[in-house]
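When reading the values below, keep in mind they use all heavy atoms of this one structure, side chains included, and skip hydrogens, waters and symmetry mates.
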Amino acid sequence: MSLSIAAPRTRVLLGALTVPLSLALFGCSGSISIGGPDYDALEKDITAELDKAYAPMSRKVDSVKCPRLADDPKKGETFVCTAVLDGNDVRVDVKVEDDEGSVKFTTRDIAFDLAATANSLTTDVAAQVGFPVTVDCGQGLKIVEVGSVFNCTALDEQGESGTIEVTARNEGGSDWRLVE
């Protein structure tokens, strides 16, 4: 069903979600020289970077675990660490940059504060359709892989509803579209 009132029926509306970075967090990057497998230092660095990124949402990482590789990682090799944020796994891709063990890491997932995302979408969707709407995305935290979609529901003053598809993008950007 599409949202409609006196405005013409709109089948699909596209928009860029203007959620501040504190609500839809982008993949984090950082690098440290692990000079051989100093996984404890890597886990601490990932924790510190993610804690900084999630601070605007008043959230902190519960833990970070990286696999202990049997051999020293070589340049170009990758592995995945897992950070836990409010009981949710956030995958962190780690790539070895050189033979000294310098690494770069990037989160594979984006954290959305669902209530805050809904508030921002309410403003964006209403501006796009030209009449008041209320958006509900649920409560709590949602971890979404970059490129993946999750749905919210928009409701107008007459009780008509529509689905909003939110696509997680890199660097804090997210797209949304209102569909029938």
Side-chain angles (χ1 to χ4, degrees), residues 12-32 39 41-67 77-97 102-129 133-155 161-179:
V12 178
L13 292 172
L14 299 176
L17 182 59
T18 58
V19 176
L21 294 180
S22 62
L23 306 179
L25 294 174
F26 57 91
C28 297
S29 295
S31 64
I32 64 168
Y39 295 105
L42 176 60
E43 290 168 348
K44 286 177 185 175
D45 194 48
I46 291 171
T47 299
E49 290 297 317
L50 291 177
D51 281 348
K52 282 192 282 188
Y54 298 138
M57 288 188 347
S58 300
R59 308 230 190 227
K60 288 188 145 226
V61 171
D62 301 322
S63 65
V64 173
K65 294 288 181 212
C66 295
E77 290 184 343
T78 61
F79 55 95
V80 179
C81 298
T82 303
V84 178
L85 180 67
D86 287 355
N88 298 282
D89 288 349
V90 176
R91 293 165 300 167
V92 181
D93 294 323
V94 179
K95 181 177 181 183
V96 180
E97 295 289 304
S102 295
V103 298
K104 181 175 183 178
F105 57 86
T106 306
T107 57
R108 188 185 296 183
D109 305 302
I110 296 177
F112 287 86
D113 178 312
L114 293 176
T117 299
N119 287 339
S120 184
L121 278 169
T122 294
T123 302
D124 286 357
V125 173
Q128 192 76 284
V129 298
V133 298
T134 302
V135 176
D136 181 11
C137 296
Q139 296 295 315
L141 192 66
K142 185 166 192 75
I143 307 300
V144 181
E145 183 173 10
V146 171
S148 294
V149 172
F150 69 96
N151 293 330
C152 299
T153 302
L155 192 65
S161 65
T163 299
I164 298 174
E165 290 181 347
V166 179
T167 304
R169 300 283 182 214
N170 279 323
E171 302 305 320
S174 294
D175 302 325
W176 63 268
R177 68 185 194 123
L178 179 60
V179 297

Starting at [atom1] of [X], measure out to [atom2] of [Y] and round the result to the nearest 0.5 Å.
X: L178; Y: D124; atom1: CG; atom2: CG; value: 12.0 Å
X: Q139; Y: L114; atom1: CD; atom2: CG; value: 7.5 Å
X: C81; Y: I46; atom1: SG; atom2: CD1; value: 4.0 Å
X: I143; Y: D89; atom1: CD1; atom2: CG; value: 9.0 Å
X: S174; Y: E165; atom1: OG; atom2: CD; value: 13.5 Å
X: C137; Y: W176; atom1: SG; atom2: CH2; value: 11.5 Å

**Asked** Is the shortest side-chain N to carboxylate O distance from E97 to K104 below 4.0 Å?
**Response** no
**Asked** Does the pair E145/R91 count as a salt bridge with the N-to-O cut at 4.0 Å?
**Response** yes
Any donor-acceptor pair under 3.5 Å from [X] side chain to [Y] backbone:
X: D62; Y: D86; answer: yes
X: E77; Y: K95; answer: no
X: T117; Y: D113; answer: yes
X: D51; Y: V61; answer: yes

**Prompt:** Going through the checks in order, is the side-chain contact (heavy atoms from CB on, under 4.5 Å) test met by V146 and D109?
**Reply:** CA-CA 6 Å; V146 171; D109 305 302; over 6 Å; no
Should [X] and [Y] count as side-chain neighbours, where that means a heavy-atom distance under 4.5 Å?
X: T153; Y: V135; answer: no
X: L141; Y: F112; answer: no
X: T167; Y: R169; answer: yes
X: S102; Y: V96; answer: no
X: V64; Y: V92; answer: no
X: L155; Y: D136; answer: no

**Derivation and outcome, side-chain contact (heavy atoms from CB on, under 4.5 Å), residues C66 and V80** = CA-CA 7 Å; C66 295; V80 179; over 6 Å; no
**Item:** V166 vs V149, side-chain contact (heavy atoms from CB on, under 4.5 Å): CA-CA, chis, key distance, verdict
**Value:** CA-CA 5 Å; V166 179; V149 172; 5.9 Å; no
**Asked** Would E49 and F105 satisfy side-chain contact (heavy atoms from CB on, under 4.5 Å), going step by step from the backbone distance to the final call?
**Response** CA-CA 10 Å; E49 290 297 317; F105 57 86; 3.7 Å; yes
